[in-house]
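Since the structure comes first, as structure tokens, the remarks are kept for the end.
The sequence lines fix the lettering, A, B, ..., with proteins before strands; numbering per chain opens at 1.
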Protein chains: 2
Amino acid sequence: MKTLSIKDIAVKANVSITTVSFIINGKAKEKSISEAVIKKVEKIIEESGYKPNQIARSLRTGNSNIIGLIVEDISNSFFAKIARLIEDKAYKRGYKIIYSSTENNVEKAQELINMFKSRKVDAYIISPVKGLEEDIRMLINDNKPVILFDRNLRDVQANYVGANHFSASYQSIESFIAQGKRNIALVTTDIDVQQITERFEGYKKALLDYGLTYREELVLKIHFNQNEASTIDEIKMLFNSEKIDAVLFATNYLAISGLKVLKSIKKKIGAELSVIAYDDHEAFELHTPGISTVQQPLEEIAETVIKLLLSQLSSKSILPNQEVIIPATLIIRN
Amino acid sequence: MKTLSIKDIAVKANVSITTVSFIINGKAKEKSISEAVIKKVEKIIEESGYKPNQIARSLRTGNSNIIGLIVEDISNSFFAKIARLIEDKAYKRGYKIIYSSTENNVEKAQELINMFKSRKVDAYIISPVKGLEEDIRMLINDNKPVILFDRNLRDVQANYVGANHFSASYQSIESFIAQGKRNIALVTTDIDVQQITERFEGYKKALLDYGLTYREELVLKIHFNQNEASTIDEIKMLFNSEKIDAVLFATNYLAISGLKVLKSIKKKIGAELSVIAYDDHEAFELHTPGISTVQQPLEEIAETVIKLLLSQLSSKSILPNQEVIIPATLIIRN
DNA sequence: TTGATGTGGTAAAACGATTTACTATAACCA
DNA sequence: TGGTTATAGTAAATCGTTTTACCACATCAA
């Protein structure tokens with residue numbers, strides 16, 4: 001069974017292709033097609049189950065009603081949840097989402113952008129990698145709406161939606177200090193994006209503001225792409241070699257590795273050791289005792305991203321870039 | 001900056017469009033294009049950064065090098081991980097993946113299939129929903145490779161890759177019985193797909209084989225699309241009204257809700273209550289005590305799916321359907 | 001009666017590639 | 001010599017839409 005084309009419909013209805021096209025695209029009235037013809041054609045379309053070929057349509061119009069979403073790793077629960085929320089919201093507005101993971105790898109990210117470009121996606125939502133600046137600038141030059149989220153790039157002017165990482169991190173450390181903690185460690189990654197450096201800056205600033213000294217040996221920077229076993233080893237070393245009474249994990253997957261370490265070395269979380277994890281995860285709520293976390297407002301981030309994107313898509317002129325910083329909240333559990 | 005077309009390259013190189021196309025598609029040799037021309041054109045392509053328009057290409061060739069992946073919910077860690085693995089493997093073979101979630105909703109699933117169809121995806125990987133039989137049959141009639149995974153549909157002949165749910169569930173119950181448990185509950189969902197019914201059958205069969213009676217009031221079927229709060233309420237009721245010394249949760253998200261309940265009603269997991277969760281999750285390893293789980297071999301499932309798919313894609317003739325059942329393993333933790 | 005305006009529609013170009021069928025010349029060889 | 005084959009390449013059709021420019025006829029106002 002060959003798939004039907006607009007031509008088949010035109011033949012069946014005994015009208016021109018043009019007429020069918022106008023009807024499909026809701027331009028019938030405006031193009032003064034009679035009510036009778038509209039009805040007839042619509043009936044035939046309905047009965048035959050004809051669906052326009054989106055590829056042909058995209059080729060002609062240059063757009064696709066598709067939004068490309070590029071994240072670091074779709075299997076990370078933070079991104080998976082954001083992706084799902086964005087997908088839902090976009091879907092309701094008639095846009096489809098296609099997504100892919102960069103694995104924090106510039107080349108892969110560039111390839112993805114190229115793939116999306118050659119598929120003529122209408123807009124991009126990107127959680128960027130350092131090194132992608134030029135590619136993103138080209139998209140913007142091309143007049144494609146681009147929204148960065150989760151992490152910003154200093155050297156590129158674009159729309160951005162993200163949490164206030166500095167202040168969330170600062171508050172976390174403040175809360176440790178309020179509990180009387182003095183030996184506060186930070187386990188973070190070595191990826192050089194604003195989101196991560198801000199968390200680091202917040203940590204540092206809070207220490208200094210409260211008269212504590214910043215000690216390099218209490219900060220562990222895990223190499224991004226390494227396997228979990230090595231991460232666990234490094235964290236284990238940190239805990240074995242330093243006296244630590246509080247620790248902030250800068251990402252949820254680091255916190256998970258960290259909790260595994262604590263479990264294995266039988267270090268109890270509680271009075272003698274406080275833990276805060278960045279980005280919530282089911283495991284933290286269920287953990288005994290509950291693990292305090294910095295919660296990013298996923299729903300709000302997704303909604304803001306989509307809103308920004310749609311306003312760009314629907315406006316003829318180029319809108320000024322917006323940076324939306326949404327507060328993250330510290331959830332204390334125990 | 002307008003994007004370049006094959007015509008621009010042809011003009012620059014002073015050859016015909018045909019020649020450029022042959023070179024791009026590696027058919028230069030076969031079509032006897034001289035080495036000199038090949039070099040020249042390749043240089044120009046390289047320098048100009050020309051990338052073929054995939055939309056035009058798809059329109060002409062009728063395929064897209066894209067595989068459509070349809071899952072229940074991309075934010076569920078099981079699907080997110082499978083998706084990521086499939087994405088990686090497909091990517092290495094030159095295929096891109098686009099994915100979307102059905103939310104276990106037939107209409108949404110149908111819409112997704114239609115969207116993929118009109119984008120001419122080359123093949124489909126589907127974790128199906130009951131009610132999708134006819135749509136899947138149409139894809140197969142259309143000669144598109146289709147692989148079902150995670151769940152099978154009885155009324156449709158297709159390739160299928162999944163774990164041995166019956167036996168995993170049976171073994172879980174066996175292990176409870178070996179520990180001397182007698183009041184064994186099952187918390188499952190009401191979605192009517194083979195995967196879920198098999199888990200239920202395994203539960204039932206094991207009870208009967210070991211001389212225990214199947215008691216309906218120990219089986220809780222949670223309505224699929226309900227919010228977590230109601231789920232928690234129902235599970236709480238189950239634990240409050242029945243004497244239970246072991247429980248099997250048929251999905252990881254149900255187990256997470258269940259663990260929240262146990263935590264809130266302060267029921268300790270251990271000697272007096274054993275728990276097994278279906279599909280692993282970070283939270284289970286970290287939980288104190290560790291939660292035993294049925295682990296599906298994600299890597300193997302993904303690999304099998306892709307292998308099956310690629311063999312279909314590359315074979316001219318239609319291959320017979322295959323059903324690959326992969327054993328799941330019970331991981332005992334405490 | 002003429003020019004403008006409205007109504008109801010269509011033919012054909014365009015989007016950017018792939019692919020089929022063709023041409024022109026050279027080389028070969030019997 | 002002429003017929004065949006190889007070499008090097010191209011023109012044009014095609015995929016399925018959207019959109020521009022146009023046509024034919026009717027109506028209306030001046």
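Distance B/I55 CD1 to C/dT18 P: 14 Å, rounded to the nearest Å. Rounding to whole angstrom units, NZ of residue B/K7 and C1' of D/dA11 are separated by 13 Å. Distance, A/N63 CG to D/dT18 P: 11 Å, rounded to whole Å. Between the CG atom of A/N65 and the P atom of D/dT17 there is a distance of 16 Å, given to the nearest Å. In this structure, A/K40 atom NZ and C/dG9 atom C1' are separated by 12 Å, rounded to whole Å. One atom, CD1 of A/I6, and another, P of C/dA11, lie 14 Å apart when rounded to the nearest Å. A straight line from NZ of A/K39 to P of C/dG8 spans 14 Å, rounded to a whole angstrom. In this structure, NZ of A/K120 is placed 7 Å from P of C/dG16, rounded to the nearest angstrom.
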TODO: Start with the C-alpha distance between B/E103 and A/D88, add both sets of side-chain angles, then the distance that settles side-chain contact (heavy atoms from CB on, under 4.5 Å), and finish with yes or no.
DONE: CA-CA 10 Å; B/E103 302 168 51; A/D88 278 4; 3.5 Å; yes
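For the helix from C/dT1-D/dA30 to C/dA30-D/dT1, the axis fitted to the five pairs at one end and the axis fitted to the five pairs at the other end meet at an angle of 60° (nearest 10 degrees).
For A/E87 and A/Y99, the side-chain atoms include at least one donor-acceptor pair closer than 3.5 Å.
Among residues two or more places apart in sequence or in another chain, the side chain to side chain contact (heavy atoms under 4.5 Å, CB included) test is passed with A/S311 by A/L319. Remark: B/D73 pairs with A/R84, B/S75 by the side-chain hydrogen bond (donor to acceptor under 3.5 Å, both in side chains) rule, at least two apart or across chains. When the side chain to side chain contact (heavy atoms under 4.5 Å, CB included) test is applied to B/Q157, the partners found at least two apart in sequence or on another chain are B/N321. A/K89 is linked by a side-chain hydrogen bond (donor to acceptor under 3.5 Å, both in side chains) to A/E299, A/E303, counting only residues two or more places apart in sequence or in another chain. Taking A/E30 as the reference, A/K27 meet the side chain to side chain contact (heavy atoms under 4.5 Å, CB included) condition, with sequence neighbours excluded. Among residues two or more places apart in sequence or in another chain, the side chain to side chain contact (heavy atoms under 4.5 Å, CB included) test is passed with B/I326 by B/V161, B/P297, B/E300, B/I301, B/T304, B/V324.
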- [ ] Determine, for nucleotides 3-10 of chain D in 5'-to-3' order, which nucleotides have protein heavy atoms under 4.0 Å from the base (write B), from only the sugar-phosphate (write S), or from neither (write -).
- [x] -----BBB
Side chains of residues 4-25 of chain B: which donor-acceptor pairs under 3.5 Å do they make with residues two or more places apart or in other chains?
from, atom 1, to, atom 2, distance (Å)
B/S5, OG, B/K7, N, 3.2
B/S5, OG, B/D8, OD2, 3.4
B/D8, OD2, B/S5, N, 2.8
B/S16, OG, B/T18, N, 3.4
B/S16, OG, B/T19, N, 3.1
B/S16, OG, B/T19, OG1, 3.0
B/S21, OG, B/N25, ND2, 3.4
B/N25, ND2, B/S21, O, 2.8

Side-chain donor-acceptor pairs of residues 48-59 of chain A under 3.5 Å, sequence neighbours excluded:
from, atom 1, to, atom 2, distance (Å)
A/S48, OG, A/I44, O, 2.8
A/S48, OG, A/I45, O, 3.2
A/S48, OG, A/Y50, N, 3.4
A/N53, OD1, A/I55, N, 2.7
A/N53, OD1, A/A56, N, 3.0
A/S58, OG, A/Q54, O, 3.1
A/S58, OG, A/N63, O, 3.0

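In this structure, A/N53 does not reach the D/dC15 phosphate: none of its side-chain N or O atoms is under 4.0 Å from OP1 or OP2. Distances shown here put every side-chain N or O of B/Y50 at or beyond 4.0 Å from the OP1 or OP2 atom of C/dG16.
The stretch residues 111-120 of chain A participates, sequence neighbours left out, in no salt bridge (charged side-chain N to carboxylate O under 4.0 Å, His left out) pair at all.
The side chain of B/S5 lies closest to C/dG16, out of C/dT18, C/dG16, C/dT19. Side chain of A/L59, nearest nucleotide from C/dT19, D/dT18, C/dC15: C/dC15. Here C/dT19 is the nucleotide among C/dT19, D/dT18, D/dG16 with the atom lying nearest to any side-chain atom of B/T61.
With the nearest nucleotide of DNA chain D identified for both A/L4 and B/R60, B/R60 has the one nearer the 5' end.
At the heavy-atom level, B/K29 lies nowhere under 4.0 Å from the strands shown.
Salt-bridge annotation for B/R137 and B/E133: absent, with no side-chain N of the basic residue lying under 4.0 Å from a carboxylate O of the acidic one.
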Close N or O pairs between protein and nucleotides 24-28 of chain C (under 3.5 Å):
none

